[in-house]
Amino acid sequence: MQRYARKIFVASGLRTPFGRGGGALADHDAISLSVPLARAMADIARPDLFVWGTVIPSLGWSNIGREVWLDAGLDPTVPAFSAVLACSTSMVAAFAAAGMLGGSADLALVGGAEVMSNPPIGLKLDVSKRITKLFRTDPPAAIAALQALTADDLTLPVKGWANRITGRTMGDHMEETAQAWGITREAQDEWALKSHQRAVAGWERGFFDDLVIPLPELARDANPRADTSAEKLAALPPAFDKSGKGSLTAGNSSPITDGAAALWVATEAGLSRLPAGTPFAELVDQEIAAVDHHVDGLLMAPSFAIPRLLARHGLRYEDVALWEIHEAFAAQLLANVAALEKPGWTKDRAGVDFDFGPFPWDRVNPNGGSVAIGHPFAATGARDLSQAVKELSALPSGSWAIVSVCADGGHGTVALLRAP
Ligand SMILES: CC(=O)CC(=O)SCCNC(=O)CCNC(=O)[C@H](O)C(C)(C)COP(=O)(O)OP(=O)(O)OC[C@H]1O[C@@H](n2cnc3c(N)ncnc32)[C@H](O)[C@@H]1OP(=O)(O)O
């Protein structure tokens, strides 16, 4: 089964180091953080298309793709647009590019950036309308109205990483799903510890050296903790359930993070324009799923997308040599896989009648995941894809990889890659 009109490849790109919220990168906005990365990538090869995203809405721009590209001083004849799907933003940026290549475009540069340190503060709509009208009719009165603003006139377009409709945080939703799936605090902490140990080991081994460009403000990822331990994780209080009974903590949740990440999407001709030795893999297929979060949980859609994608290619879980699964929370990864493993679940809920066999836990996130590395929403898909491509390039030709990212709104995006 061939997904695209022609063979499409993804090739590892670069990312900024990921900074802690309020830390070294906190003076940036999503554009200024993206600019050095876009320049560094464009120095490697001039793309025919630029697709970029950021999740936290801005009062200052709409098409961040074009703004980044032009602020970086790059060729204005390259089309640049934006894609957004919560934490799957740079996954759908890659999927959009994959569908658009051909004709005069063979190489796309895609990715995204998030500065979670600086969510915007806006005016409530009625206040904004009143003052805008005053500016047209009576500017001094408009200025006086601005000076008289109170906290009641303000609104936070992003309220503590909450779903817009439910008003509940991602953590609140996940706490509920963790309970529904019986994901224990111990299992979450154990996964979080692994995530940190693997990310720290990845840095020590040099795995990240050619994936991360140091910035003057920050040379390497700030989130992975060499000094964490099972005991320290177990001592942390619940972060979301204030009754004290919750199992999600600051240690087993992805932290507030600033960062930007990019990768290449290319046809065979586009691939030949990248430097020899750039890790690449075929993007064989992709799947996007959405669920009713009242029924299945806000971050459970990957468990629907993965079986649909694998069954289409006749692949069992053990046929996949590498699994890069975004860790919004350790509990989310564990619940996503618990669903995949539960007898009858993929048939009854995801509608796929196929024997997937046992799940190979030892092949998941070998260099750590978002709990340790951090999760700047729009950058995560590009980080996961780049990382997976590099990991896959060390495996035998023909090896399969799954890259999976859950997203707010009950979405999940999954890519199927094959080593060249
Ligand atoms: C959005 C989508 O579309 C899909 C998704 O991905 S959903 C996920 C989106 N992301 C989120 O929702 C963000 C989730 N995370 C958070 O909201 C916040 O990180 C949080 C509320 C969980 C914690 O916030 P916080 O309390 O400010 O964290 P932080 O100050 O870093 O840590 C609290 C304490 O735990 C400690 N700690 C954190 N991790 C630790 C670890 N691994 N080991 C030991 N100690 C640790 C810190 O050192 C800190 O201790 P002190 O108070 O003594 O300094």
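Indexing begins at 1, ligand by ligand and atom by atom, following the structure's order. This chain uses plain numbering: 1 for the first residue, then up along the sequence. Values below: all heavy atoms of this structure, side chains included; hydrogens, waters and symmetry mates excluded.
Annotation: Lys232 places no N or O atom under 3.5 Å from an N or O atom of ligand 1; distance criterion only. Between His326 and ligand 1, an N or O atom pair is found at a separation short of 3.5 Å. Note: an N/O pair closer than 3.5 Å links His375 and ligand 1 by distance alone. Residue Cys87 has at least one N or O atom closer than 3.5 Å to an N or O atom of ligand 1.
Among all protein heavy atoms, the one lying closest to atom 7 (S) of ligand 1 is Met170 CG, 3.5 Å. When hydrogens are left out, the protein atom nearest atom 31 (O) of ligand 1 is Arg225 NH2, 4.2 Å; that is the closest non-hydrogen contact. In terms of protein heavy-atom proximity, atom 21 (C) of ligand 1 is closest to Phe240 CZ, 4.0 Å. Of all protein heavy atoms, the one closest to atom 26 (O) of ligand 1 is Ala250 CB, 4.5 Å.
Under 4.0 angstrom from ligand 1, there are no non-hydrogen atoms of Val55. Of the heavy atoms in Leu233, only side-chain atoms (C-beta onward) come closer than 4.0 Å to ligand 1. Under 4.0 angstrom from ligand 1, there are no non-hydrogen atoms of Gln332. Counting heavy atoms closer than 4.0 Å to ligand 1, residue Arg20 contributes nothing at all. The proximity of Met174 to ligand 1, defined as any non-hydrogen pair under 4.0 Å, does not occur for either the backbone or the side chain.
Taking the six-membered ring where the residue is Trp, the centroids of Tyr317 and Trp400 are separated by 6.0 Å or more. If you look at Phe377 and Trp161, their ring centroids are closer than 6.0 Å. Taking the six-membered ring for Trp and the full ring otherwise, Phe359 and Trp323 have centroids separated by under 6.0 Å.
Results of the side chain to side chain contact (heavy atoms under 4.5 Å, CB included) test with Tyr4 over Leu283, Asp285, Leu101, Val284 single out Leu283 as the only residue that passes.
The option with the heavy atom closest to atom 15 (N) of ligand 1, from among Ser254, Ser370, Pro255, Ser229, is Ser254. With atom 35 (O) of ligand 1 as the reference point, the heavy atom nearest to it among Asn223, Leu236, Asn163 is part of Leu236.
The distance from ligand 1 to the heavy atoms of Thr228 drops below 4.0 Å at these ligand atoms: 41 (C), 42 (N), 43 (N), 44 (C). If you number the atoms of ligand 1 from 1 as listed, the ones under 4.0 Å from a heavy atom of Phe377 come out as 9 (C), 10 (N).
Heavy atoms from other residues, nucleotides or ligands lying under 6.0 Å from CZ of Arg164 number 12 at most.
Neither side chain, Thr150 nor Asp152, offers a donor N or O lying under 3.5 Å from an acceptor on the other.
Remark: the backbone N or O of Pro376 is not paired with any side-chain donor or acceptor of Arg383 at under 3.5 angstrom.
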